[in-house]
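Residue numbers run from 1 in the order of the sequence given.
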Amino acid sequence: GAPAYRVLMEQLTSVSEELDVRKEEVLILRSQLVSQKEAIQPKNTMTDSTILLEDVQKMKDKGEIAQAYIGLKETNRLLESQLQSQKRSHENEAEALRGEIQSLKEENNRQQQLLAQNLQLPPEARIEASLQHEITRLTNENLDLMEQLEKQDKTVRKLKKQLKVFAKKIGELEVGQMENISPGQIIDEPIRPVNIPRKEKDFQGMLEYKREDEQKLVKNLILELKPRGVAVNLIPGLPAYILFMCVRHADYLNDDQKVRSLLTSTINSIKKVLKKRGDDFETVSFWLSNTCRFLHCLKQYSGEEGFMKHNTSRQNEHCLTNFDLAEYRQVLSDLAIQIYQQLVRVLENILQPMIVSGMLEHETIQGVSGVKPTGLRKRTSSIADEGTYTLDSILRQLNSFHSVMCQHGMDPELIKQVVKQMFYIVGAITLNNLLLRKDMCSWSKGMQIRYNVSQLEEWLRDKNLMNSGAKETLEPLIQAAQLLQVKKKTDDDAEAICSMCNALTTAQIVKVLNLYTPVNEFEERVSVSFIRTIQMRLRDRKDSPQLLMDAKHIFPVTFPFNPSSLALETIQIPASLGLGFIARV
């Protein structure tokens with residue numbers, strides 16, 4: 001019934017009629033030739049020209065027939081292709097209609113079942129079921145409309161970008177043309193209207209990703225992220241912000257499965273990274289910082305009054321709306337504690353080989369320990385002799401730890417706790433070795449130790465960490481150094497020692513006095529009666545009988561709430577992270 005089809009049929013009809021006319025003409029010509037041949041044959045006078053004329057006529061007839069046949073065949077082929085395409089389109093329409101009919105049948109059956117169920121319910125339950133059904137239907141429609149809106153927004157953004165690119169190219173072409181135009185021509189040119197582009201819509205501080213891309217997200221953002229390479233150039237805590245913005249979008253969609261899956265994958269991936277590279281200080285520090293930042297984000301945008309008061313009005317608009325993630329906050333807090341303890345073990349393993357050499361064996365003040373304590377053979381120490389580790393080595397290592405933690409954006413209060421733990425390790429290991437080595441218990445060594453401790457205190461002042469509690473952890477070592485330097489003869493000396501050494505246990509004080517060895521003949525050993533006097537004065541003190549300090553002790557760690565002033569909607573995702581499959585919302 002299409003116009004093109006009718007035109008083709010008319011052409012086919014006219015070609016067929018013309019072919020029939022040609023056939024009739026050919027038959028008439030043949031009959032005439034046969035009659036002429038019969039008339040001429042008795043005379044046997046057929047000339048060569050007549051034969052030639054007949055052959056030419058036959059060839060001409062054959063050519064016309066062949067041409068007509070080829071045209072008819074082409075026409076049939078064209079008609080066949082059109083019929084096939086119409087048949088396919090008809091089949092597709094029929095299939096779509098059958099699918100629509102099937103869906104309508106299913107909807108009809110569901111409505112009938114729902115109606116039958118509602119008829120069996122009491123009136124109040126019937127109304128509630130109807131409302132619930134209507135709410136479900138409207139929710140599904142809203143989700144569909146939201147998906148369409150998001151697709152349209154993406155299309156609009158894409159078209160705007162293309163428009164900007166084309167506008168830029170046109171501007172470049174116009175500039176090139178302007179360079180080739182004379183000043184007189186420019187004056188005569190009419191002023192074109194200026195195109196004022198619209199601003200991009202404000203982002204809501206969320207990141208959208210597909211459910212199937214979750215493993216790719218944690219792989220690129222956690223498992224394969226190298227703190228020393230890529231992460232150094234990032235905003236401090238950027239992985240934590242990205243993860244939280246993904247959680248926000250899942251919360252916005254009211255998708256509890258997506259929230260639970262993402263948080264579980266995040267926690268498990270961080271554990272996996274720390275299990276694989278748990279002996280690298282930078283890796284552990286990086287994930288301690290990001291775990292704490294993620295924890296702070298969950299608090300800051302939880303919607304709880306105690307945390308919201310630190311936010312701006314714009315930040316309060318970004319609070320979670322559908323889910324309470326308090327339980328996951330506790331899980332993240334426990335994970336942060338585990339990472340902190342692992343960080344302490346890593347820095348202890350790095351510092352331990354340096355401490356004895358740098359704090360006790362190395363002569364920081366040249367010449368003070370030039371004379372060995374009398375009655376002692378020379379103690380061989382390859383590390384001290386080679387000068388592998390000195391006090392400067394320890395200070396450089398402390399600087400390295402501190403700069404890495406600051407670079408990763410670790411909370412200032414958490415840095416203070418790490419520094420306190422580092423100083424405790426230095427003090428405990430130094431004091432324990434002092435209590436076990438007689439060659440270290442002398443007046444000159446006490447001066448060396450006191451000088452080294454003063455250098456550590458100066459480091460704390462330079463880093464503005466004097467209020468971290470780190471200096472107090474060195475108090476037992478400071479008092480041991482002072483004990484080596486004070487007079488140890490009279491009762492007044494004993495009284496002064498007892499009041500001075502309140503951070504040392506009785507066992508430690510007595511052990512230092514017993515190990516004390518004069519540097520030269522002008523000094524005397526501590527008398528037994530003086531040591532007994534000390535013991536008598538300290539007998540009522542209730543302290544631990546343990547001689548050595550527990551160098552493995554880890555102070556309890558806390559994570560004070562530290563809100564971020566960074567606006568989520570301003571965060572850009574660097575291409576180096578390989579997260580092109582997530583989109584800002």
Side-chain angles (χ1 to χ4, degrees), residues 225-234 236-237 239-240 270 273-274 277-293 336-360 362 364 383 388-430 452-474 477 551-560 562:
L225 188 63
K226 301 295 188 296
R228 193 168 299 175
V230 179
V232 170
N233 303 316
L234 303 178
I270 293 174
V273 168
L274 295 174
R277 300 197 295 271
D279 55 349
D280 179 51
F281 180 84
E282 289 189 24
T283 300
V284 182
S285 169
F286 180 79
W287 284 113
L288 177 59
S289 303
N290 279 277
T291 303
C292 291
R293 178 47 55 198
I337 292 172
Q338 295 175 16
I339 300 174
Y340 174 83
Q341 292 173 348
Q342 189 165 349
L343 183 78
V344 171
R345 287 192 292 270
V346 171
L347 61 86
E348 180 184 355
N349 292 335
I350 296 172
L351 284 174
Q352 191 167 9
M354 305 180 181
I355 294 172
V356 176
S357 175
M359 293 294 293
L360 290 176
H362 180 69
T364 315
I383 295 178
T388 306
Y389 296 120
T390 64
L391 179 63
D392 288 336
S393 303
I394 297 175
L395 293 175
R396 281 196 299 271
Q397 190 60 56
L398 294 178
N399 280 328
S400 174
F401 288 152
H402 185 263
S403 64
V404 167
M405 290 188 291
C406 291
Q407 194 176 52
H408 292 160
M410 191 178 290
D411 296 338
E413 290 300 318
L414 187 54
I415 291 178
K416 290 179 180 179
Q417 296 179 71
V418 175
V419 170
K420 178 183 176 182
Q421 188 67 49
M422 287 194 296
F423 273 60
Y424 172 80
I425 292 169
V426 172
I429 293 177
T430 305
N452 292 343
V453 170
S454 70
Q455 294 299 301
L456 294 176
E457 291 174 354
E458 187 65 27
W459 184 87
L460 288 174
R461 288 190 196 92
D462 291 341
K463 304 299 181 185
N464 198 22
L465 293 169
M466 285 298 288
N467 62 343
S468 63
K471 180 178 179 296
E472 287 73 12
T473 62
L474 295 175
L477 182 60
K552 300 290 184 181
H553 172 70
I554 299 178
F555 294 108
V557 63
T558 58
F559 307 106
N562 182 23

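Ring-plane geometry between H408 and F286 is classed as perpendicular, the angle between the planes exceeding 60 degrees on a 0 to 90 degree scale with a lower cut at 30.
T430 places a side-chain N or O within donor-acceptor distance of the main-chain N or O of V426, the cut-off being under 3.5 Å. A donor-acceptor pair under 3.5 Å links the side-chain atoms of Q342 to the main chain of G278, judged by distance alone. S285 contributes no side-chain N or O that, together with a main-chain N or O of F281, makes up a donor-acceptor pair within less than 3.5 Å. Within the 3.5 Å criterion, the main-chain N or O of M354 finds no donor-acceptor partner in the side chain of S357. A donor-acceptor contact shorter than 3.5 Å links the side chain of T390 to the backbone of D392.
Distance check, rounded to the nearest 0.5 Å: CE of M410 to NE2 of H402 gives 10.5 Å. Separating the CG atom in D280 from the CG atom in L274 is a distance of 10.5 Å, to the nearest 0.5 Å. Here the straight-line distance linking atom CZ of F423 with atom CG of L465 works out to 8.0 Å at 0.5 Å rounding. Atom CD of Q421 and atom OG of S468 lie 12.0 Å apart (nearest 0.5 Å). Rounded to the nearest 0.5 Å, atoms CH2 (W287) and CD (E282) are 14.0 Å apart. Taking CD of Q455 as the start and CG of L460 as the end, the distance is 11.5 Å to the nearest 0.5 Å.
Using a 4.0 Å cut-off between charged side-chain N and carboxylate O, R293 and D411 make a salt bridge. Look at K416 and E413 and you find a salt bridge, because one of the NZ, NE, NH1 or NH2 atoms lies within 4.0 Å of a carboxylate O, short of that distance.
Heavy atoms of other residues, nucleotides or ligands lying less than 6.0 angstrom from CG of N464 number 12 at most.
Looking at L351 and F401, their side chains come closer than 4.5 Å, going by heavy atoms from C-beta outward. A 4.5 Å side-chain heavy-atom check between T291 and I270 finds at least one atom pair inside the cut-off. Side-chain contact between N349 and D279 is absent, with no heavy atoms from C-beta onward closer than 4.5 Å. Within the 4.5 Å cutoff, side-chain heavy atoms of K420 are placed close to those of F555. With contacts defined as side-chain heavy-atom distances shorter than 4.5 Å, the pair L414/T558 does not qualify. Side chains of L347 and V418 form a contact here, defined as non-hydrogen atoms less than 4.5 Å apart. In this structure the side chain of S454 never reaches within 4.5 angstrom of the side chain of N452, judged on heavy atoms. Using a 4.5 Å heavy-atom threshold, the side chains of V557 and V344 count as separate.
Across all non-hydrogen atoms, the minimal contact from A551 to A428 is CA-CB, 4.0 Å. The heavy-atom pair separating N290 from P239 by the smallest distance is OD1-CD, 3.2 Å. Contact detail for I355 and I429: the closest heavy-atom pair is CD1-CD1, 3.6 Å. Closest approach of L288 to A336, counting heavy atoms only: CD1-O, 3.5 Å.
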Worked verdict on K552 versus E348 for side chain to side chain contact (heavy atoms under 4.5 Å, CB included): CA-CA 9 Å; K552 300 290 184 181; E348 180 184 355; 3.0 Å; yes
I339/V284 under side chain to side chain contact (heavy atoms under 4.5 Å, CB included): CA gap, chis, key distance, verdict: CA-CA 7 Å; I339 300 174; V284 182; 3.8 Å; yes
Steps toward side chain to side chain contact (heavy atoms under 4.5 Å, CB included) verdict (I415, K463): CA-CA 11 Å; I415 291 178; K463 304 299 181 185; over 6 Å; no
From CA spacing to verdict: side chain to side chain contact (heavy atoms under 4.5 Å, CB included), I554, Y340: CA-CA 10 Å; I554 299 178; Y340 174 83; 4.0 Å; yes
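If you look at H362 and Y389, their ring centroids are not closer than 6.0 Å.
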